[in-house]
Peer 1: 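What follows is a structure written as structure tokens; I'll ask about it next.
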Amino acid sequence: MEVALKEILLSKGKEWIGIDIDPSWIQFQPTRKGVRGDVTLMVFPFAKALQLPPAQVAELIGKHVKSEVSFVADFEVIQGFLNFVFSETLWSDQLITIHQNDSFGIADPDSKQMVMVEYASPNTNKPLHLGHLRNIFLGYAVAQLKKAHGHQVIKTQVINDRGIHICKSMLAWHRFAPLQSNGERETPANSGLKGDKLVGKYYVEFEKHLQLEVKEVLARWNAGDFSNTSASALEKFQELDQALVGKEEKAQAVISDKIKELAKNETEILRAAQDMLVRWEGRDPETYLMWSAMNGWVYEGFDVTYQRMGVDFDKLYYESDTFLLGKDQVMDGLARGVFYQKPDGSIWIDLTPDGLDEKLVLRADGTAVYITQDIGTAIERFHDYPSLSAIVYTVGNEQDYHFKVLFLILYKLGYSWAKNCFHLSYGMVDLPSGKMKSREGTVVDADDLMEEVVNAATVMTQERGQIAELSETERNVLFESIGMGGLKYYLLKVDPKKRMLFNPEESIDLTGNTGPFIQYTYARINSLLRKAELVEIDESALVIESGEIELIKVLAAFPQTIAEAADNYSPALLANYLYELTKAYNSFYQQSPILNEANEGLRAARILISKNVAKVLKTGLTILGINAPERM
RNA sequence: GGUCCCGUAGCUCAGUUGGAUAGAGCAACUGCCUUCUAAGCAGUAGGUCUUUGGUUCGAAUCCAAACGGGAUCACCA
């Protein structure tokens with residue numbers, strides 16, 4: 001409508017107000033609540049150009065529009081705002097259009113370019129926690145949004161299955177897992193422990209032993225015993241120890257940390273883990289076997305978690321396959337002068353002209369660093385998918401700098417798609433007690449949390465739900481939907497880039513701005529519609545009143561909301577829209593009889609509206625990864 | 001210290017091309033189930049939009065500075 005109005009204004013402008021209208025003057029917005037009108041035109045720019053009072057200009061334009069535009073029934077001028085009132089038939093037409101489109105709000109599949117969305121990408125040495133939940137729900141929802149917006153989407157994750165961290169778990173398991181009577185060590189199969197939890201347990205075990213040994217080393221050093229210490233460590237220790245003298249407390253703490261780091265490298269257990277990494281890289285059969293077995297346990301554990309979360313992936317990248325990538329690109333870039341080499345052989349890029357620092361891209365010994373891999377992996381992905389246009393990386397905001405550097409390097413290497421890549425940077429999830437810290441045991445485990453929210457939903461639903469007609473299986477599905485729906489909505493309703501607080505009590509709330517509130521409204525509409533099945537609807541005789549118009553307006557905003565949420569990588573925009581729609585519908589439902597309405601035309605319109613609110617709620621919830629139950 | 005992000009009601013959060021009287025939820029209080037699911041609805045109360053200055057018809061929104069919180073600044077990943 002606004003587009004049509006704009007065209008009319010542009011073409012008739014001179015005739016009506018005497019001067020040509022600049023397109024930039026035409027600014028529409030929805031008319032404010034409580035004021036009569038459907039769409040508002042700002043007249044300040046016109047008033048300025050014409051050197052006339054805004055009210056006078058508004059009156060002038062309003063009169064012409066009312067008499068010459070068929071769908072404008074009336075207008076009203078308040079202060080500098082010109083409010084147009086649309087005709088009733090416009091709204092019933094709008095409703096029918098929405099109703100006839102089964103995939104209302106969804107763009108044509110594959111009408112836009114291919115996008116890859118990376119999310120999850122956990123380490124394989126620790127179970128998933130609350131932070132991962134935000135990451136994964138967010139990444140999945142953004143992938144869904146992009147799809148709904150017409151993009152072809154590849155969901156992917158990188159599995160960090162190599163490196164010293166996994167060797168730590170392997171070593172600890174090999175050393176400390178008790179041998180059982182049948183000669184086996186602890187496995188998921190013989191202990192019943194989830195694979196990722198088992199491996200995580202031994203990672204913690206490793207850290208414990210490491211800390212103990214660090215203490216021993218420090219004690220020895222302080223006693224002047226350097227018998228097992230490497231010459232270089234001894235030298236550095238003496239240097240740092242000297243530096244401690246006469247420093248402030250804060251500076252001393254920094255130095256002490258460095259000494260601790262130094263001591264770590266002198267422990268037997270860390271050296272053993274490093275040896276293991278070397279053996280792994282040399283494809284030592286025994287080590288390799290253990291590695292693939294333990295990784296397998298972790299994957300099985302993660303799969304269980306992902307399944308419960310309702311997410312999946314189209315393509316997996318294993319770091320053990322990709323960690324050698326990127327070196328060629330670096331050498332190529334060096335030849336082309338994008339990078340430069342220091343005397344020790346290490347390769348760098350100077351980003352100071354772009355306001356960033358110098359960055360190492362390849363070590364002196366020729367091995368890759370984190371960003372080398374990322375360069376290689378990105379390029380590899382564009383080879384894997386020739387029609388790929390962009391990659392979205394769902395990674396915490398502590399890596400903002402890393403991705404800024406990565407995209408810049410890729411651009412400097414000549415890849416124009418680097419401009420399309422996006423770091424979906426999200427804030428940390430805090431607890432009421434503060435930050436999550438593994439050392440203090442305040443990490444909220446993903447599996448435990450999901451279990452808790454589903455249990456809470458079960459209790460509440462058994463208390464309040466209308467579930468008499470459901471079978472046992474159906475009930476369990478419902479409890480799962482409500483618990484998980486609440487959790488997902490809770491994490492998704494907040495603007496991704498903001499740090500958020502996770503309050504366990506609020507996360508299982510069912511009232512107010514929550515997932516179950518929206519699910520409940522959906523279920524209630526379905527109950528209504530089941531009873532309305534026999535009512536005949538004459539679409540040509542709908543009666544629309546102001547309450548109906550309010551809802552049609554909200555419904556009509558759905559496609560634009562999807563587009564905005566997709567363009568801004570923000571499921572929160574969609575979540576908040578669904579909440580608005582739900583509130584508007586509930587208010588309507590409470591004050592207007594639907595099936596009991598005597599006026600046939602009005603009843604038909606209300607049923608149609610209910611149907612389409614349900615349709616939009618379901619579409620929207622599905623995009624967010626939330627189930628929409630038919631009854632609850 | 002450099003760079004980046006954030007600061008809105010007691011708490012958690014919306015508020016996206018600058019627009020009318022800054023909105024929700026939770027918590028508190030008051031009403032509404034003999035009619036379509038009360039996980040609901042209607043209402044009361046709660047604000048110096050961190051502060052100061054600037055841009056303009058108009059600023060929570062844009063700019064600058066200050067204050068407060070966070071992240072980052074590894075030959076770790």
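In what follows, every chain begins at residue 1, and chains take the letters A, B, ... in the order their sequences are listed.
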Peer 1: What is the distance from CG of A:Asp495 to P of B:G70, rounded to the nearest Å?
Peer 2: 20 Å
Peer 1: Using a 4.0 Å heavy-atom cut-off, does A:Ala47 contact any base of the nucleic acid, only the sugar-phosphate backbone, or nothing at all?
Peer 2: nothing
Peer 1: Distance check: side-chain N/O of A:Lys531 vs OP1/OP2 of B:C36, anything under 4.0 Å?
Peer 2: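 No, no such contact exists.
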Peer 1: Mind checking A:Lys359 for me? I need base, sugar-phosphate or nothing, with any heavy atom below 4.0 Å counting as a touch.
Peer 2: nothing
Peer 1: Do A:Asp344 and B:C75 share a donor-acceptor pair, side chain to base, under 3.5 Å?
Peer 2: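 Present.
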Peer 1: Using O4'-C1'-N9-C4 for purines and O4'-C1'-N1-C2 for pyrimidines, with syn meaning within 90° of 0, is B:C13 syn or anti?
Peer 2: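 Glycosidic conformation of B:C13: anti.
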Peer 1: Can you figure out which of B:U37, B:U56, B:A77 approaches the side chain of A:Lys48 most closely?
Peer 2: B:U56
Peer 1: For the NZ atom on A:Lys437, are there more than 12 heavy atoms of other groups (residues, nucleotides or ligands in this structure) within a distance under 6.0 Å?
Peer 2: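 12 or below, so no.
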Peer 1: For A:Asn83, which contact category applies under a 4.0 Å heavy-atom criterion: base, sugar-phosphate, or nothing?
Peer 2: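 A:Asn83: base contact, heavy atoms under 4.0 Å.
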Peer 1: Looking at A:Lys618 and A:Glu630, is there a salt bridge between them, counting it only when a charged N and a carboxylate O are closer than 4.0 Å?
Peer 2: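 Yes, A:Glu630 and A:Lys618 are salt-bridged.
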Peer 1: Taking OP1 and OP2 of B:C41, is either one under 4.0 Å from a side-chain nitrogen or oxygen of A:Asn586?
Peer 2: yes
Peer 1: How many whole angstroms separate atom CD of A:Glu564 from atom C1' of B:A14?
Peer 2: 14 Å
Peer 1: Please measure how far the P atom in B:U51 lies from the corresponding atom in B:A45, and state the result in whole Å.
Peer 2: 24 Å
Peer 1: So, does A:Lys583 get its side chain near the phosphate of B:G23, meaning an N or O under 4.0 Å from OP1 or OP2?
Peer 2: no
Peer 1: If you assign A:Gln29 and A:Leu501 each to the RNA chain B nucleotide with the nearest heavy atom, which residue ends up on the more 5' nucleotide?
Peer 2: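 Of the two residues, A:Leu501 wins.
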Peer 1: What contact category does A:Leu362 fall into here, base, sugar-phosphate, or nothing, at under 4.0 angstrom with non-hydrogen atoms?
Peer 2: nothing
Peer 1: Round to a whole Å and report the spacing from CG of A:Asn576 to C1' of B:U16.
Peer 2: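 In whole Å, B:U16 C1' and A:Asn576 CG are 13 Å from each other.
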Peer 1: Less than 4.0 angstrom between a side-chain N/O of A:Tyr520 and OP1 or OP2 of B:A39, yes or no?
Peer 2: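 It does, given that an N or O in the side chain of A:Tyr520 lies less than 4.0 Å from OP1 or OP2 of B:A39.
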Peer 1: Contact class for A:Pro54 vs. all strands (heavy atom < 4.0 Å): base, sugar-phosphate, or nothing?
Peer 2: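 Nothing, no nucleic acid heavy atom in range.
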Peer 1: Hey, does A:Asp357 reach any base, or is it just sugar-phosphate, or nothing, if we go heavy atoms under 4.0 Å?
Peer 2: sugar-phosphate
Peer 1: Only one of A:Phe422, A:Tyr393, A:Tyr370 forms a ring-ring contact (aromatic ring centres under 6.0 Å, His included) with A:Phe403, so which one is it?
Peer 2: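 The single option meeting the ring-ring contact (aromatic ring centres under 6.0 Å, His included) with A:Phe403 is A:Tyr393.
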Peer 1: Could you state the OH-P distance from A:Tyr522 to B:A39, rounded to the nearest angstrom?
Peer 2: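 Distance, rounded to whole Å: 19 Å.
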Peer 1: Using a heavy-atom cut-off of 4.0 Å across all strands, would you classify A:Thr40 as base, sugar-phosphate, or nothing?
Peer 2: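 Result for A:Thr40 = base.
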Peer 1: For a quick test of reading the model: is some side-chain N or O of A:Lys498 closer than 4.0 Å to OP1 or OP2 of B:G7?
Peer 2: yes
Peer 1: Send over the distance from A:Tyr401 OH to B:C76 C1', rounded to a whole Å.
Peer 2: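 After rounding, the gap between these two atoms is 16 Å.
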Peer 1: Describe the nucleic acid contact of A:Glu319 in one word from base, sugar-phosphate, nothing, applying a heavy-atom distance below 4.0 Å.
Peer 2: sugar-phosphate
Peer 1: So what does A:Glu398 touch, heavy atoms closer than 4.0 Å: a base, only the sugar-phosphate, or nothing?
Peer 2: sugar-phosphate
Peer 1: Could you check whether A:Ser425 gets within reach of a base, just the sugar-phosphate, or nothing at all, counting any heavy atom under 4.0 Å?
Peer 2: nothing
Peer 1: Any cation-pi pair here, A:Arg524 with A:Tyr589, using under 6.0 Å and within 45°?
Peer 2: yes
Peer 1: Provide, to the nearest angstrom, the distance between the NE2 atom belonging to A:His402 and the P atom belonging to B:C76.
Peer 2: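 Value for this atom pair: 15 Å.
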Peer 1: Starting at CZ of A:Phe403 and ending at C1' of B:C4, how long is that distance when rounded to a whole Å?
Peer 2: 15 Å
Peer 1: Quick one: label A:Phe44 by what it contacts on the DNA or RNA (base, sugar-phosphate, nothing), any heavy atom closer than 4.0 Å.
Peer 2: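 A:Phe44: base contact, heavy atoms under 4.0 Å.
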Peer 1: I want to check a possible cation-pi pair here: A:Lys359 against A:Trp348, using under 6.0 Å from ring centre and within 45° of the ring axis as the test.
Peer 2: no
Peer 1: Do any side-chain nitrogens or oxygens of A:Arg32 fall under 4.0 Å of OP1 or OP2 in B:G23?
Peer 2: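 Yes, because at least one side-chain N or O of A:Arg32 sits under 4.0 Å from OP1 or OP2 of B:G23.
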Peer 1: Considering only side-chain heavy atoms of A:Asn596, which listed nucleotide, B:C36, B:A39, B:C75, is closest?
Peer 2: B:C36
Peer 1: Would you call A:Phe81 stacked on B:A20, i.e. ring centres under 5.5 Å apart with the planes less than 30° off parallel?
Peer 2: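 Per 5.5 Å and 30° rule: yes, stacked.
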Peer 1: Go ahead and write out RNA chain B as dot-bracket, 5' to 3': ( ) for pairs within the strand, [ ] for ones crossing earlier pairs, | when the partner sits on another strand, dots for unpaired; Watson-Crick or G-U wobble, both distances under 3.5 Å.
Peer 2: (((((((..((((.....[...)))).(((((.......))))).....(((((..]....))))))))))))....
Peer 1: Would you say B:A77 has OP1 or OP2 under 4.0 Å from some side-chain N or O of A:Arg162?
Peer 2: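 Looking at the OP1 and OP2 atoms of B:A77, neither is under 4.0 Å from any side-chain N or O of A:Arg162.
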Peer 1: Under 4.0 angstrom, heavy atoms only, what part of the nucleic acid is A:Asn503 near: base, sugar-phosphate, or nothing?
Peer 2: nothing
Peer 1: Where the side chain of A:Thr124 meets the backbone of A:Asn160, is there a donor-acceptor pair that is under 3.5 Å apart?
Peer 2: yes
Peer 1: Can you check each nucleotide of nucleotides 26-34 of chain B against protein heavy atoms at under 4.0 Å and return B for base, S for sugar-phosphate only, - for none, in 5' to 3' order?
Peer 2: S--------
Peer 1: State whether the distance check finds a donor on one side and an acceptor on the other, under 3.5 Å, for side chain A:Thr521 versus base B:A39.
Peer 2: no
Peer 1: May I ask you to test the A:Tyr426-A:Lys497 pair for a side-chain heavy-atom distance under 4.5 Å?
Peer 2: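 A:Tyr426 does not reach A:Lys497 side chain to side chain.
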Peer 1: Which nucleotide in the list B:C4, B:C36, B:A39 gets nearest to the side chain of A:Asp400?
Peer 2: B:C4
Peer 1: Base, sugar-phosphate, or nothing: which does A:Tyr579 touch, judged by heavy atoms less than 4.0 Å apart?
Peer 2: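 Counting heavy atoms under 4.0 Å across all strands, the contact made by A:Tyr579 is with sugar-phosphate only.
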Peer 1: If you assign A:Thr31 and A:His165 each to the RNA chain B nucleotide with the nearest heavy atom, which residue ends up on the more 5' nucleotide?
Peer 2: A:Thr31
Peer 1: Less than 6.0 Å separating the ring centroids of A:Tyr579 and A:Phe517?
Peer 2: yes
Peer 1: Under 4.0 Å between a Lys/Arg side-chain N and an Asp/Glu carboxylate O for A:Arg631 and A:Glu474?
Peer 2: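 A salt bridge is absent here (no side-chain N lies under 4.0 Å from a carboxylate O).
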Peer 1: Which whole-number value in Å describes the distance from A:Ile518 CD1 to B:G40 P?
Peer 2: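 Rounded to the whole Å, the gap is 11 Å.
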Peer 1: Counting heavy atoms from C-beta on, name the nucleotide in B:A39, B:A71, B:C36 closest to the side chain of A:Tyr589.
Peer 2: B:C36
Peer 1: Can you tell whether the side chains of A:Lys258 and A:Glu261 come within less than 4.0 Å, N to carboxylate O?
Peer 2: no
Peer 1: Within a reach of under 6.0 Å around CD of A:Glu398, are more than 12 heavy atoms found that belong to other residues, nucleotides or ligands?
Peer 2: yes
Peer 1: Of the options B:A20, B:G19, B:C36, whose atoms approach the side-chain atoms of A:Gln27 most closely?
Peer 2: B:G19
Peer 1: For a quick check of understanding: with a heavy-atom distance under 4.0 Å over all strands, which category does A:Ser587 fall into, base, sugar-phosphate or nothing?
Peer 2: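 It contacts sugar-phosphate atoms only.
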